[in-house]
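One structure below.
We number each residue from 1, following the sequence as shown.
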Amino acid sequence: MTEAISSLQTLQNSIVYDFYTSCWFHNLLSQPAVKECFARRAPETTEAYQRYRKISQVTQLPLLGVCLSLILVFISRHYAFLVISCGFLLLYFRFVRNQRQILARLSSVLLRQEFAVADFSGRTLYEITEHLGRQYGIPSMVDTIYRSDNILRRLFLLGFFLPWPDFGRSVLIFFVVYFSCKYLLNSRIGYRILAG
């Protein structure tokens, strides 16, 4: 008897706790075919999907606050804005946690539609995303991770060759640029770029 590789619960936990998995399923749920699929489901599922879309938009606001606060740090050189930026960042992570939990529940609805319960024990997360990627016409999770990591690796290496002002600001600038790029590459816009 073969040992179970995965389960629906494991997949849900990956969506909640893993950055790449949640980004990939977020992109999947924004596809037109998936939107139509949720529009035809029970009213409570359709409402949950609409609520998820609203939460996804609201989640971006604290991130905008982080960016504006960091810009003010560089312009004014008042590091009090850095504390404000950290506050916005904590608020963003709280919103993301709620968003991911709803995303995991909605993704479970889609996963149960595409796979039998027994299928989860014999397939890895990557095999499941390969199937869903083909089904809905998007790159698989493996492809998107590979492409985004290649770009981030080049960006990281490029950072060693750029002239930097002082050490503290250089490290701050580098991490802001690096993590901004990581976030953008794993957003819907980034997935369109990576798919092209």
Side-chain angles (χ1 to χ4, degrees), residues 12-32 34-35 38 46-107 110 136 138-139 141 143-145 147-156 158-159 162 164-196:
Q12 288 174 326
N13 289 340
S14 296
I15 293 167
V16 171
Y17 296 108
D18 182 63
F19 173 76
Y20 288 112
T21 308
S22 66
C23 289
W24 192 87
F25 274 94
H26 176 71
N27 182 48
L28 177 68
L29 261 60
S30 68
Q31 298 306 308
V34 175
K35 289 178 187 175
F38 279 108
T46 306
E47 286 171 23
Y49 182 69
Q50 294 303 328
R51 193 169 65 249
Y52 173 75
R53 289 175 56 87
K54 286 177 187 168
I55 289 171
S56 296
Q57 293 167 349
V58 171
T59 300
Q60 305 309 311
L61 294 176
L63 202 56
L64 183 63
V66 169
C67 294
L68 291 175
S69 301
L70 288 174
I71 289 168
L72 288 172
V73 168
F74 291 116
I75 292 172
S76 68
R77 295 188 186 225
H78 289 291
Y79 292 98
F81 289 114
L82 197 56
V83 175
I84 294 169
S85 178
C86 290
F88 277 123
L89 196 60
L90 290 173
L91 186 62
Y92 170 73
F93 285 131
R94 184 173 180 185
F95 281 4
V96 165
R97 172 82 177 179
N98 292 338
Q99 178 190 6
R100 286 182 179 182
Q101 287 172 341
I102 297 170
L103 175 63
R105 287 195 296 273
L106 289 171
S107 298
L110 193 63
Y136 292 100
I138 61 171
M141 194 166 80
D143 291 336
T144 55
I145 291 173
R147 290 173 186 161
S148 81
D149 277 359
N150 271 345
I151 292 169
L152 290 171
R153 195 175 301 114
R154 289 182 186 127
L155 176 67
F156 187 79
L158 178 68
L162 294 176
W164 296 102
D166 58 77
F167 181 75
R169 283 191 334 160
S170 300
V171 169
L172 186 60
I173 290 168
F174 182 76
F175 278 104
V176 167
V177 169
Y178 181 84
F179 286 107
S180 297
C181 288
K182 181 175 180 176
Y183 176 80
L184 286 172
L185 285 170
N186 288 283
S187 67
R188 280 174 40 198
I189 297 165
Y191 275 4
R192 284 190 201 122
I193 293 166
L194 293 171

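Annotation: the span from R53 atom CZ to S30 atom OG amounts to 8.0 Å, rounded to 0.5 Å. Between the CD atom in Q12 and the CG atom in L106 there is a gap of 11.0 Å [rounded to 0.5 Å]. Atoms CD1 and CG, from I84 and L68 in turn, are 11.0 Å apart once rounded to the nearest 0.5 Å. Between the CG atom in L91 and the OG1 atom in T59 there is a gap of 9.0 Å [rounded to 0.5 Å]. Between the CG atom of N27 and the OG atom of S22 there is a distance of 11.5 Å, given to the nearest 0.5 Å. Going from atom CZ of R51 over to atom CG of N98 covers 10.5 Å, rounded to the nearest 0.5 Å.
Scanning both residues, T144 and P139, for their nearest heavy atoms gives CG2-CB, 3.9 Å. Shown here for V16 and R100, the closest heavy-atom pair between the two residues is O-CD, 3.1 Å. Counting all heavy atoms, side chain and backbone alike, A48 lies closest to I102 at O-CG2, 4.2 Å.
Taking the six-membered ring where tryptophan is involved, the planes of H26 and Y52 are perpendicular, since the angle between them exceeds 60° and thus also 30°.
In this structure, Y17 places its OH atom where only 12 or fewer heavy-atom neighbours from other residues, nucleotides or ligands lie under 6.0 Å away.
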Query raised in the report: Taking it one step at a time, do I138 and W24 satisfy side chain to side chain contact (heavy atoms under 4.5 Å, CB included)?
Result: CA-CA 10 Å; I138 61 171; W24 192 87; 3.7 Å; yes
Report task. Report the C-alpha separation of L28 and S107 in whole Å, then their side-chain angles, then the decisive distance to 0.1 Å, and conclude whether the side chain to side chain contact (heavy atoms under 4.5 Å, CB included) test is met. Result -> CA-CA 9 Å; L28 177 68; S107 298; over 6 Å; no
**Report entry** side chain to side chain contact (heavy atoms under 4.5 Å, CB included) between K35 and Y49, intermediate numbers included
**Finding:** CA-CA 8 Å; K35 289 178 187 175; Y49 182 69; 2.9 Å; yes
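Counting only N and O atoms by type, the side chains of Q99 and S56 include a donor and acceptor under 3.5 Å apart. If you check the side chains of N150 and R153, you find a donor sitting under 3.5 Å from an acceptor.
Side-chain contact check for R94 versus P62: every heavy-atom pair is 4.5 Å or farther apart.
In this structure a side-chain-to-backbone donor-acceptor pair under 3.5 Å is missing from S69 to L82.
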